[in-house]
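Source: prediction; values computed, not measured.
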Amino acid sequence: MSDIFERVSRPRRLPDEIASSILEAISRGDLQAGDRLPTEMDLSDQFGVARTVVREAISLLKFDGVITARQGVGAFVSEASSRRSFRISPSCFAKRQQLVKLLALRTSVQADAAAVAAQCRSEEQLAAMAAALQRFADSMGGGMDAAEVRVDAEAAFYRAIAEASDNEYFVEFIQMIDAKLMENLRSVVVKNAMVSEIGDRVQAEHDEVFVAIRDRDGERARIATRRHYEHAARRLADRSGIETV
């Protein structure tokens, strides 16, 4: 098998970096279900790291069910149906089509969380949402620093909604997606927040969500949240500067 991996730099924990590179190779189709991975020695040479580092990376993928080991034969890519974890590969942020799919997933989950939160929320949780919205409103206008505040206030608002759903899986899943988005595209999100002509529109979208949750109208909360996230996804994808395929 020809070399399909590049040598890695060392800013992050190496086993995680290598596991991520292998996942990207699987996502691209360079490695498919049933394919045998290169040997530890070959991977060590391709990545430019010690075999112990490669071994730990493979162990991480085995734990997630991405790789299956066969005694005396080697490590093989598992069928997707046998995987035990959900990972967001960095390759999701390299192409617009993949980013749009990820944002659609986030939209659906957050909209459902809002619908449930409208029925389950407490007065204290509603107050936390209101406080986050006030921080958002107070930061309108200004430059980069104000935009950073708006981004964080918006995240706090929707995090409070997820927490009000009384479903920790909503919270964990949404936080995982948002953490990856911020890790890879925060600068784009902040630039969007600095566009003055959409500021009032975004605030109105948040207000619609809040009022629906305040009124305990689950379906209206779902629709309002979906509308906001669909608009936000379009803005993010359009400004991200990534490939269109």
How far does [atom1] of [X] sit from [atom2] of [Y], to the nearest 0.5 angstrom?
X    : Y    : atom1 : atom2 : result
L105 : I177 : CG    : CD1   : 4.5 Å
H231 : E205 : NE2   : CD    : 5.5 Å
E123 : R214 : CD    : CZ    : 10.5 Å
D152 : M182 : CG    : CE    : 8.5 Å
R106 : D178 : CZ    : CG    : 5.0 Å
I26  : L61  : CD1   : CG    : 6.5 Å

Answer with yes or no whether the side chains of R121 and S165 bring together a donor and an acceptor at under 3.5 Å. no
Donor + acceptor pair across side chains of Q134, D138 (<3.5 Å): yes
Are any of the side-chain heavy atoms of [X] and [Y] separated by less than 4.5 Å?
X    : Y    : value
L43  : P38  : yes
M129 : Y158 : no
I67  : L60  : no

Taking 4.0 angstrom as the limit, do [X] and [Y] come out as a salt bridge?
X    : Y    : answer
E230 : R226 : yes
R135 : E154 : no
E208 : R227 : yes

Heavy-atom closest pair, residues [X] and [Y]:
X    : Y    : answer
A19  : A57  : N-CB, 3.9 Å
A162 : A113 : CA-CB, 4.4 Å
A137 : Q203 : CB-NE2, 3.1 Å

Looking only at atom types and distance, does a side-chain atom of [X] sit under 3.5 Å from a main-chain N or O of [Y], one as donor and one as acceptor?
X    : Y    : value
S139 : F136 : yes
D215 : D217 : no
S44  : E40  : no
D35  : Q32  : yes
T225 : A114 : no

Derivation of the salt bridge (charged side-chain N to carboxylate O under 4.0 Å, His left out) call for R51 and D42: CA-CA 9 Å; R51 291 177 63 179; D42 287 339; over 6 Å; no
side-chain contact (heavy atoms from CB on, under 4.5 Å) for R222 and D112? Distances and angles first, verdict last. CA-CA 6 Å; R222 186 199 312 277; D112 284 346; 2.5 Å; yes
Pair F210, I161 - check side-chain contact (heavy atoms from CB on, under 4.5 Å), show working. CA-CA 9 Å; F210 177 79; I161 292 173; over 6 Å; no
Answer yes if [X] and [Y] sit in the same cluster of Ile, Leu, Val, Met, Phe, Trp and Tyr residues linked by side chain heavy atoms under 4.5 Å apart, and no otherwise.
X    : Y    : value
V149 : M140 : no
Y169 : V109 : no
V53  : F47  : yes
V116 : V211 : no
F170 : F173 : yes

Answer yes or no for R70 and F76: cation-pi contact, defined as NZ/CZ to six-membered ring centre under 6.0 Å and angle to ring axis within 45°. yes
Run the side-chain contact (heavy atoms from CB on, under 4.5 Å) test on V49 and V54 for me, step by step, so that the C-alpha distance in whole Å, both residues' side-chain angles and the decisive distance to 0.1 Å come before the verdict. CA-CA 7 Å; V49 299; V54 171; 3.8 Å; yes
